[in-house]
Amino acid sequence: MRVVFIGPPGVGKGTQAQRLAARHGVVKISTGDVLREAVRQGTPLGVRAKAFMDAGALVPDDVVVGMLAERLQAGDTQKGYLLDGFPRTIVQAEALERLMAGRGEQLDRVVAFGADPEVIVERLSGRRSCPGCGKVYHTRFDPSPRANACGACGEALMQRQDDREDTIRKRLLVYNEETTPLLAFYRNRGLLAQIDGTASIDEVADQVEKVLRAPESV
Ligand code: AMP
């Protein structure tokens, strides 16, 4: 199974990607996760990427394409992979086609998750995480029992720089401008399935399974 997940930030596609990858025994590759890890480790890639990420902008295509090409070479991609957050531009989508052609592979499906932008702003701007144990809370939907401290380990909770409201609005703008052209790109190739990302996690997961089983239901 080789699948791409597309969607605005905060639509819940990362959660869905994790579930689907586990259920089908394929690896989930999130370029956002790879970049955040590079930033954390302070590698040259991380240093270069951080300013773009903090500003809610896209990291340059050549950087992410090179990163993905390298990641695909690992042995765990043999059985298939689920790309979460890549491609995000037409240039990246074309590069992915070339990379996959070189490997004798084709995409099975592209799942696009949709959501009302205001729902996304509310979801993301309330997100807080614990720098100690990694637990994630939401100020309104899943608050910590200890206000601004982690209920599990007591560390002060933090807000990701790119979850600040102004940055979220910038990320949504970037999504509309740079990534939504991919919908037509993949629709033209007969690969696109669009689903509503605002339903419950289980309902969205069911929708995902359904479109993966029924390639004609675009
Ligand atoms: P994500 O966790 O997927 O929302 O990614 C977080 C940030 O990483 C994005 O706002 C971008 O700055 C950067 N990023 C992740 N994937 C890509 C990509 N495919 N192209 C460009 N930038 C990316």
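Whatever order the structure lists them in is the order used to number ligands and atoms, beginning at 1.
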Check your understanding: Of Pro60, Ala57, Ala49, which has the heavy atom at the shortest distance from atom 12 (O) of ligand 1?
Key -> Ala57
Review point. Do Gln41 and Glu37 have side-chain atoms, one donor and one acceptor, less than 3.5 Å apart?
Key: yes
Review point. Among Leu35, Asp61, Thr31, Thr179, which residue places a heavy atom closest to atom 14 (N) of ligand 1?
Key: Leu35
**Study point:** Side-chain donor or acceptor of His138 paired with backbone N/O of Arg123 under 3.5 Å
**Key:** yes
Point to revise | Closest protein heavy atom to atom 6 (C) of ligand 1, given as residue, atom name and distance to 0.1 Å | key: Arg36 NH1, 3.5 Å
Review point. When you check the side-chain N and O atoms of Asp202 and Ser200, is any donor under 3.5 Å from an acceptor?
Key: no
**Study point:** Polar contact flag for Gln92 and ligand 1 (N/O pairs, less than 3.5 Å)
**Key:** yes
Practice item. Would you please say whether a donor-acceptor pair under 3.5 Å links the side chains of Thr77 and Arg2? Key: no
Check your understanding: Hey, are Asp61 and Thr89 close enough side-chain-wise for a donor-acceptor pair under 3.5 Å?
Key -> yes
Point to revise | Atom CD of Glu209 with >12 non-hydrogen neighbours under 6.0 angstrom | key: yes
**Study point:** Leu99 CG: over 12 foreign heavy atoms closer than 6.0 Å
**Key:** yes
Exercise for review: Could you tell me whether Asp84 and ligand 1 have an N or O pair separated by under 3.5 Å?
Suggested key: no
Point to revise | Side chain, backbone, both or neither: Leu58 near ligand 1, heavy atoms under 4.0 Å | key: both
Review point. Do ligand 1 and Val59 have nitrogen or oxygen atoms that lie under 3.5 Å from each other?
Key: yes
Check your understanding: Nearest protein heavy atom to atom 8 (O) of ligand 1, by residue and atom, and its distance?
Key -> Met53 CE, 3.6 Å
Check your understanding: Taking atom 5 (O) of ligand 1 as the point of reference, which of Arg171, Glu178, Arg160, Arg88 owns the nearest heavy atom?
Key -> Arg88
